[in-house]
Amino acid sequence: MKNKKLFRNLLLKWHREKNKRVMPWKGEKDPYKVWLSEIILQQTRVEQGWSYYEKFIQAYPSITHLAKAKDEEVFKLWEGLGYYSRCKNLLHTARTINEKYSGNFPSDYNTILSLKGIGAYTASAIVSFCFDLPYAVVDGNVLRVLSRYFGIDLPTDSTEGKKIFTQLAQECLDKDQPAAYNQSIMDFGATICKPAPLCNVCCLNKTCIAFNKNKIDLLPVKQKMIIKKERWFSYFIFSFGGKKFVEQRTAKDIWQNLYEFYLEETTANPEWNFEKIKEWLCKKLNITSTRNINIFPARKQLLTHQTIQGYFVCVELNSEPDLNSKTGLWLSDAEINTLAFPRFIHQFNG
DNA sequence: AACTCGGGGTC
DNA sequence: GACCCAGAGTT
């Protein structure tokens with residue numbers, strides 16, 4: 001009990017005296033801006049999300065601006081940030097608040113928690129930062145700091161672990177200044193108690209259990225291991241009459257709602273050459289003549305759970321083909337540039 | 001309770 | 001190559 005109070009006071013002292021971290025949304029009280037920043041930062045580094053936050057605030061100064069925006073435009077702004085369901089839920093919640101709550105962001109924890117894309121972490125962040133309500137945030141930083149300081153080797157990604165760490169976080173919270181406390185523990189985790197921590201300059205090291213038992217490298221404990229899938233994507237960029245064939249990804253799969261060119265997925269390296277391409281075009285799409293075919297070298301993109309490898313094949317056509325009744329669109333480059341593509345494609349296509 | 005969802009930085 | 005990041009939704 002006493003060590004929690006010590007922990008809290010040491011953190012707040014560090015926050016007042018040594019925390020130099022500056023971010024555009026820090027100290028912000030507008031729940032729209034805090035919410036937007038928290039959604040952008042889910043599983044995303046501050047440095048990576050920074051420019052997206054500024055783009056969004058400039059494009060949509062209020063939640064009503066965002067609610068009235070077109071889906072394609074918002075996805076284009078989100079392009080490259082990943083976890084695209086966040087963008088879908090962002091729009092859904094903006095519209096819910098604009099219509100159901102007349103554009104006023106709710107201030108009650110459970111109401112906020114019920115919104116799409118907002119879980120326990122984000123709800124706690126919003127109500128503590130904006131409304132000074134006593135809810136402790138639990139994110140990756142907090143789990144790392146708590147597990148080390150209190151020497152808890154319960155897996156942080158287990159059901160029991162989540163429960164215990166959430167309770168502990170709530171007990172450590174300074175209920176008189178939840179905003180400052182939550183900010184301090186996350187900044188501390190991000191700058192001092194990092195995965196590779198700076199224990200030599202840490203002002204909590206005298207009472208940190210992991211440090212004093214030499215268990216820093218063993219905490220926090222995670223039980224789930226990551227299994228990587230290998231996938232081969234071959235994108236055929238069909239062009240005809242100044243337009244290219246694109247379609248939207250709708251399946252429950254990566255990159256849902258984003259756009260792509262004609263995709264052929266294989267379980268192994270297709271190792272394209274001109275003969276194989278011509279044979280495939282004839283067999284699959286009944287295309288027997290082309291103006292030009294350009295095969296680009298294989299490319300690779302690493303995702304957390306998948307390794308995407310693949311090819312881009314540009315095919316200039318003599319006539320518009322029947323693409324197996326696929327629900328696609330023939331668009332100009334200008335039109336294509338307004339749509340959001342996965343990084344894998346965007347990096348190739350410029 | 002286990003899976004799935006991106007892209008990028010760090011070691 | 002492994003791990004992690006201001007997590008959440010689905011199955």
Side-chain angles (χ1 to χ4, degrees), chain A residues 21 23-26 28 33-53 75 78-90 92-93 112-126 128-129 135-145 147 155-163 165-166 169 179 182-191 193-198 217 219-229 231 249 251-258 300-308 340-347:
Chain A
R21 214 174 182 209
M23 294 168 288
W25 48 85
K26 204 161 172 178
E28 181 60 61
K33 293 183 180 174
V34 172
W35 164 67
L36 175 63
S37 71
E38 295 300 345
I39 301 300
I40 287 175
L41 293 172
Q42 286 169 2
Q43 290 294 287
T44 303
R45 291 170 186 280
V46 164
E47 305 76 47
Q48 191 184 357
W50 191 300
S51 67
Y52 284 86
Y53 173 79
F75 270 92
W78 197 275
E79 182 182 49
L81 193 55
Y83 283 170
Y84 297 93
S85 66
R86 289 184 293 171
C87 185
K88 182 187 174 185
N89 291 331
L90 185 80
H92 183 276
T93 289
I112 292 174
L113 185 61
S114 73
L115 297 167
K116 286 281 184 195
I118 298 182
Y121 163 77
T122 303
S124 297
I126 293 171
S128 65
F129 291 142
Y135 287 83
V137 294
V138 180
D139 71 339
N141 291 310
V142 172
L143 291 171
R144 187 170 54 252
V145 172
S147 67
T156 56
D157 54 354
S158 66
T159 303
E160 189 190 359
K162 281 176 197 162
K163 185 179 157 194
F165 280 106
T166 300
N182 280 338
Q183 191 64 60
S184 71
I185 191 169
M186 287 195 288
D187 283 346
F188 182 76
T191 60
C193 198
K194 302 190 283 187
L198 310 178
D217 295 333
L219 296 170
V221 173
K222 290 198 176 183
Q223 61 182 11
K224 292 173 196 158
M225 51 181 282
I226 294 176
I227 301 167
K228 284 218 174 188
K229 255 195 311 190
R231 302 174 74 178
R249 289 178 67 86
K252 285 179 186 171
D253 193 2
I254 57 171
W255 304 332
Q256 190 174 13
N257 295 309
L258 272 60
K300 183 187 281 193
Q301 165 125 17
L302 303 173
L303 308 182
T304 300
H305 296 275
Q306 302 183 25
T307 301
I308 309 295
F341 284 76
R343 195 66 128 194
F344 184 70
I345 298 174
H346 194 255
Q347 282 186 338

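Within every chain, numbering begins at 1; the chains are lettered A, B, ... in the order of the sequence lines, protein sequences first and strands thereafter.
Look at the P atom in both C:dG9 and B:dG8: the space between them is 24 Å, to the nearest Å. Comparing the same atom, P, in B:dG9 and in C:dA8 gives a spacing of 23 Å after rounding to whole Å. Taking atom P on both nucleotides, B:dC11 is separated from C:dA6 by 14 Å, rounded to a whole Å.
Residue order along DNA chain C, read from the 5' end via each residue's closest nucleotide, puts A:Trp25 first among A:Asn89 and A:Trp25. Closest-nucleotide positions on DNA chain C for A:Arg144 and A:Gly117 were compared, and the one nearer the 5' end corresponds to A:Arg144.
Heavy-atom contacts from other residues, nucleotides or ligands closer than 6.0 Å to CD of A:Glu160 number 12 or fewer. Heavy-atom neighbours of A:Lys26 NZ from other residues, nucleotides or ligands within 6.0 Å: above the threshold of 12.
With hydrogens and angles left out, the side-chain atoms of A:Glu38 and A:Tyr121 include a donor and acceptor closer than 3.5 Å.
Among the protein residues, A:Ser158 comes within range of no part of the nucleic acid, since none of its heavy atoms lies under 4.0 Å from any strand. Across all strands, A:Glu79 comes closer than 4.0 Å to no nucleic acid atom at all (heavy-atom distances).
In this structure, the side chain of A:Glu28 does not engage the main chain of A:Lys33 through any donor-acceptor pair within 3.5 Å. In terms of modelled atom types and a separation under 3.5 Å, the side chain of A:Asn257 and the main chain of A:Ser85 share no donor-acceptor contact. Under the 3.5 Å distance criterion, the side-chain polar atoms of A:Arg86 are matched with a main-chain donor or acceptor of A:Ile40.
A pairwise comparison of heavy atoms in A:Arg144 and A:Ser147 identifies O-OG, 3.1 Å as the closest pair.
Between A:Trp25 and A:Tyr53, the two ring planes are perpendicular [angle over 60°; tilted spans 30° to 60°].
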What does nucleotides 3-11 of chain B look like as a protein-contact string, B for base, S for sugar-phosphate only, - for none, at under 4.0 angstrom between heavy atoms? -BBBBBB--
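In the 5' to 3' direction, nucleotides of DNA chain C lying under 4.0 Å from heavy atoms of chain A begin and end at C:dC4 to C:dT11.
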